[in-house]
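Reviewing the structure listed below.
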Amino acid sequence: MKERPIRSATRMSPPTPQSSPKHRLWFIALSILLVLCFILDIMLGSIHIPFQEIIKIIFGGASSVQAWQLIVEKIRIPKAITAILAGSALSVSGLQMQTLFRNPLAGPSELGITAGAGLGVAVVMLGGGSSGVYAIRELGLSGSWLVIGMASAGSALVMLLILAIAGRIRDHVVLLIVGLMIGAITLSVVSIWQYYSNPEQLQSYILWTFGSLGGVYGSQLYVLSSIVVCGLLLAYSSSKALNVLLLGNNYARTMGLTVGRSRLIILSGTSILTGSITAFCGPIGFIGIAVPHLTRALLGSSDHRVLIPASCLVASILMLVCDILSQLPGNATVLPINIVTSLLGAPVVIWVIIRHQKIRTTP
Amino acid sequence: MTSTAETLRTKNLAVGYQQGKAKAPTLILEGLSLELPPGRLTCLLGPNGAGKSTLMRTLAGLQAPLSGSVMLGDTNILHEEPAYIARKMSMVLTDRIEASNMTGMELVALGRTPYTNWLGILTPTDKEMIDWALDVSGARPLAQRRIHQLSDGERQKILIARALAQDTDVIILDEPTAHLDLPNRLEMMQLLHELARKTQKAILISTHELDLALRMADNLWLIGPQNHFHVGLPEELVLNGAFEAAFSRSGLCFDNQTGNFLIGTSSLTHRVTASGTLLGLAWTERALRKQGIELSTVPANGQITILADDQNNWRWRWQEAEDSTVFHSLGALIDRLKIYLARQD
């Protein structure tokens, strides 16, 4: 006789994978922390603005000093929002890449994806030729789309290349080195290009390479946020596929996943996220590789339906903290954001390598 | 849940692999018309490199056959989407799983992938299936543990639970007993044998374990020399000599009586007589065989008598002409025998 499950209401099931109370608690805690960091980031800056005034401006009130209102509305809030967008986008693309390549050392900047986006940006900024200098800060709406498109295409190009190579190389560390090499090649191409560019174009490109969260205003911010939200939704809708891909391509296939199609969706999501952020903020390192690991360790989950939103929260908090640190409170100098994220992110990568002692062996 | 089980059949199947685009494909097995009976444990046996994995991957639709078809009921799975096949056939592969943080329960829940919506939300039916799979496979105690902390045997069990949760008529397992120690191997085979009975699923496993396959399999697919394919009950394949032909090597001999491999039979050069209990004889024989000495019951010059008390204290009395010595260990007996045999030569 066939033995089949019997419908029984009395059966006490242990918690099923979805919606554990522990995760909910983490989400609440992280959200509160995010709000605090957001306010703190807006408060701090070279010009001191009292806390009450900040709160008043955030909630739509008018401040007594008009300069304060302008600073908060036109500079600090867009910058904080950009930090949140950048953190979410980079961490989610890192998370997707780590699952797709089944490689804990995968990340947008580590595998040369950011460099690919940089190539796309260079095409726009240096290739503009005599028709005019395309400084990214001065781009209009169509220019924003153009630079995002080119950067995403550059990312996708490198992603495809890495994906093809990953099929042949089974050693995680070797793939990482190959990624760095591809990044180096891409950057050299850009350097050669720079050599033949005029000084104005060069200056704006060099400034871009330092990376900055400031300078995304008005229509650009709308473009960037809508693109990032689309990318994040695409990633979230791939979470079932990502969960299955955790078991490897063969298992995924036997569990009904059309692996090629899913890979393509994940790849485009990653390229859009990395490309758009890199186009506007410059290369930002280590957030993409480090945050997924921090999030996994924090929540103790492997479920992408939990990890994707949680990574967004953790990365947003981290980016806001980095931004706060980059302004060196009480000092007028601002460090490039890339330096701060590297200082915080690189130790996390070292921790990952130490923790995964068998990191070289492929699953 | 399907009420009518669909049987997996192959029609004139040829399997192999394409190595590079320019080269002709490498043919491994051909002309296979097989049927996987439901409610039975079928073992695919064959020496290394005989194409066991290739055949299994082809059956599961992971790899295209060179010719022929794999039918599930009336549908050729070659023309079906992975999502369709996944509801009919589940697999346990040898691929290592390195998802850190994943619990046993989460892994088993992934087995419901072919049935869940775009976000993979589990319905009450899914949860019942998961519960049932955990219970019937005995993997319930592993549900809340992280899979990277499980032993090889435990991981195999939770993977079987995952395959059961997928609720398919056919389950294919590639080398489920590899990396397991003997008790775990026995338990695993026992479990698969029972599962086939209980669930009426068709279970196919590939294995190197001749001994276990002979004992536990309901049905054998045996890949012999020159890739001859034999199908039948294990016992039939022993009787018709297919087994012996498939696995005999120089210095190794398949004993049709016991279904075991005997070592060094071709080099048995000496013969001595022995008497004693069956158990004592069996193990003494094994020890002496390794030294190239065969036991016989025909009285001869030298004679071993095996003695035992109820405390399991074994002694061996060696009688040679008028001379008689009692040994308390087999090792000492063998040393004495060697001197005797050297003198005989």
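Keep in mind that what you see is a predicted model, and the values were worked out from it rather than measured. Just so we're on the same page: letters track the sequence lines, and every chain starts at 1.
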- Message: Are the side chains of B:Asp95 and A:Leu247 in contact, using a 4.5 Å heavy-atom criterion?
- Response: no
- Answer yes or no: does atom CG of B:Asp74 have more than 12 heavy-atom neighbours from other residues, nucleotides or ligands under 6.0 Å? no
- Item | Over 12 non-hydrogen atoms of neighbours within 6.0 angstrom of NE2 in B:His148 | yes
- Query: If we only count heavy atoms from C-beta on, is the B:Ile121 to A:Arg305 side-chain gap below 4.5 Å?
  - Reply: yes
- Message: Within the 4.5 Å heavy-atom criterion, are A:Ser239 and B:Leu119 side-chain neighbours or not?
- Response: yes
- B:Gln166 to A:Thr254 - nearest heavy-atom pair and separation: NE2-O, 3.0 Å
- Note on the structure: If one checks every heavy atom of A:Leu299 against chain B at 4.5 Å, the contacting part turns out to be neither
- Message: Surrounding NZ of A:Lys22 (heavy atoms of other residues, nucleotides or ligands, distance under 6.0 Å), is the total greater than 12?
- Response: yes
- Closest heavy-atom pair and its distance - A:Gly256, B:Ala86: N-CB, 3.2 Å
- Task: Sort A:Thr258 into side chain, backbone, both or neither according to what part of it lies under 4.5 angstrom from a heavy atom of chain B.
- Result: both
- Task: Go through the atoms of B:Leu107 and report whether side chain, backbone, both or neither lie under 4.5 Å from a heavy atom of chain A.
- Result: side chain
- Item | Side chain / backbone / both / neither for B:Leu195 at chain A, heavy atoms under 4.5 Å | neither
- Query: Does A:Asn243 reach the side chain of B:Leu110, with side-chain heavy atoms less than 4.5 Å apart?
  - Reply: yes
- Task: Check each atom of B:Val92 against the heavy atoms of chain A and say whether the ones under 4.5 Å are side chain, backbone, both or neither.
- Result: both
- Query: Is the shortest heavy-atom distance from the side chain of A:Met255 to the side chain of B:Arg162 under 4.5 Å?
  - Reply: yes
- Task: Check B:Met102 against A:Leu246 and note the closest heavy-atom contact, atom names and distance.
- Result: CE-CD1, 3.6 Å
- Note on the structure: Looking only at B:Ile85, B:Asn117, B:Ile172, most heavy-atom pairs under 4.5 Å shared with chain A are made by B:Asn117
- Keeping the roles fixed (side chain from A:Arg253, backbone from B:Ala60), state whether a donor-acceptor pair exists under 3.5 Å. no
- Does the side chain of A:Asn250 reach to within under 4.5 Å of the side chain of B:Arg57, using non-hydrogen atoms? yes
- Note on the structure: Between B:Ile97 and A:Arg102, the two heavy atoms sitting closest are CA-NH2, 4.2 Å
- Item | Nearest atoms (heavy-atom pairs only) where A:Tyr251 meets B:Leu93 | OH-N, 2.8 Å
